[in-house]
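To keep things clear, I will list the structure first and then write my remarks on it.
As the structure lists them, so they are numbered: ligands from 1, and atoms in each ligand from 1.
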Amino acid sequence: MKDLRVFAGRSNPALAERVANYVGLPLGRAQLEKFPDGEISLKLFEDVRGRDAFVIQSTCQPGNDHLMELLIYIDCLKRASAQRITAVIPYFGYARQDRKDEGRVPITAKLVANLLTTAGADRILSLDLHAAQIQGFFDIPVDNLSGEPVLTAHLESLDIGPVVLVSPDIGNAKQARIYADRLGGDLAIIDKRRVSGTEAVSYNIIGDVKDKAVLMVDDIIATAGTVLEAARLVLERGAKRIIVTATHGVLCGRAIERLASAPIDHVAVTDTIPLSEEARQRIPNLTVLTISQLLGEAIRRIHRDESVSSLFMK
Ligand code: R5P
């Protein structure tokens, strides 16, 4: 494989810079603009013929624009004769639409997988996909890293003492178990039902949280409805203290307002999605941890055909 080239869309420039620094290369020169009618234009100022090209883009808000930008980037690299194209998608949007759980609904995560492959991606590198089986939506290699080592290292540094790991819904129980194994502590699982896109109700909890510090583990905080409800329930059941951790801080809708007034002592997320200044200022005890070294190391290893799984895979 010839030279490595790392490019970035506009979704998360700070993270892209950090990843490029880790890899030891400047970001590939390119011009992304909008035509007067809003369509996206792209021009590369680098020769990529025969190169091993990576393009970093989270498909976070505005998700449709960022997804389209990524597809255009991949098409452009393919037509410029890059030898291999890896789409590095720290936050993979549309992932929650991953199954047909009622009639007449799309499986949009699969559609996005098809779009990326058709555009010309040869590999995908992502982090904490909402559901691990999304890897199977692709017929190209997918490396699904985990933010867990970064988040647990931070949690260990907080010196919280004995904790009970709480999964705010059944779907995330396996992830919470991984944290419990790493940090020590019992596991509790909440029976959550989603009533709308912005509201969730926590009905019951399997496990004991009385007089304990609760460490809540989720993959995404979007409207914060899930963590808020889970916090209400664990406090009702006698929890002493609540710490929340999630890989992806989507923080949409009323999330900032909700987290700003929630009975939560600490929130830790990673930088897969850039957080607004408002979020940083208003959410008390919010910590944003960088996963740039994790992504950078994975890029380095993929480029050199070295094992990624031995270090990071779930
Ligand atoms: C759901 O399955 C996810 O793991 C998250 O719990 C959910 O996406 C969070 O959404 P919100 O913050 O809007 O409740």
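Inter-residue side-chain proximity for K212 and D208 is flagged as met; some heavy-atom pair is nearer than 4.5 Å. At least one side-chain heavy atom of L145 sits under 4.5 Å from a side-chain heavy atom of L125. M216 has its side chain out of reach of T245: every pair of non-hydrogen atoms, C-beta onward, lies at least 4.5 Å apart.
No more than 12 heavy atoms of other residues, nucleotides or ligands sit less than 6.0 Å from atom OH of Y94. The environment of D101 atom CG is dense: over 12 non-hydrogen atoms of other residues, nucleotides or ligands sit within 6.0 angstrom.
Those atoms of ligand 1 with a heavy atom of H130 less than 4.0 angstrom away are 1 (C), 2 (O), 3 (C), 4 (O). For ligand 1, the atoms closer than 4.0 angstrom to any heavy atom of K192 are 1 (C), 6 (O).
Contacts between D169 and ligand 1 below 4.0 angstrom, taking non-hydrogen atoms only, involve the side chain exclusively. By the criterion of a heavy-atom distance under 4.0 Å, the backbone of A224, and not its side chain, is placed next to ligand 1. Residue-level proximity to ligand 1 for R254 is absent, since no heavy atom of it falls below 4.0 angstrom.
Under the side-chain contact (heavy atoms from CB on, under 4.5 Å) test applied with L115, the options L111, T117, T118 reduce to a single match, L111.
Where the criterion is an N or O separation shorter than 3.5 Å, residue side chain and backbone included, A222 meets it with respect to ligand 1.
What sits closest to atom 8 (O) of ligand 1 on the protein, heavy atoms only, is R96 NH1, 2.8 Å. Of the protein's non-hydrogen atoms, the one nearest atom 13 (O) of ligand 1 is T223 OG1, 2.6 Å. Looking only at heavy atoms of the protein, atom 4 (O) of ligand 1 is closest to D219 OD1, 2.6 Å. Looking at atom 10 (O) of ligand 1, its nearest protein heavy atom turns out to be R194 NH2, 3.2 Å. D218 OD2, 3.4 Å is the protein heavy atom nearest to atom 5 (C) of ligand 1. Regarding atom 9 (C) of ligand 1, its nearest protein heavy-atom neighbour is I220 O, 3.4 Å. Of the protein's non-hydrogen atoms, T226 OG1, 2.5 Å is the one closest to atom 14 (O) of ligand 1.
The closest donor-acceptor contact from the side chain of N144 to the backbone of L129 lies under 3.5 Å.
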_Verdict with reasoning, V112 to F92, per side chain to side chain contact (heavy atoms under 4.5 Å, CB included)_ = CA-CA 9 Å; V112 172; F92 184 94; 3.8 Å; yes
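Taking 4.0 Å as the cut-off between side-chain N and carboxylate O, D305 and R301 do not count as a salt-bridged pair.
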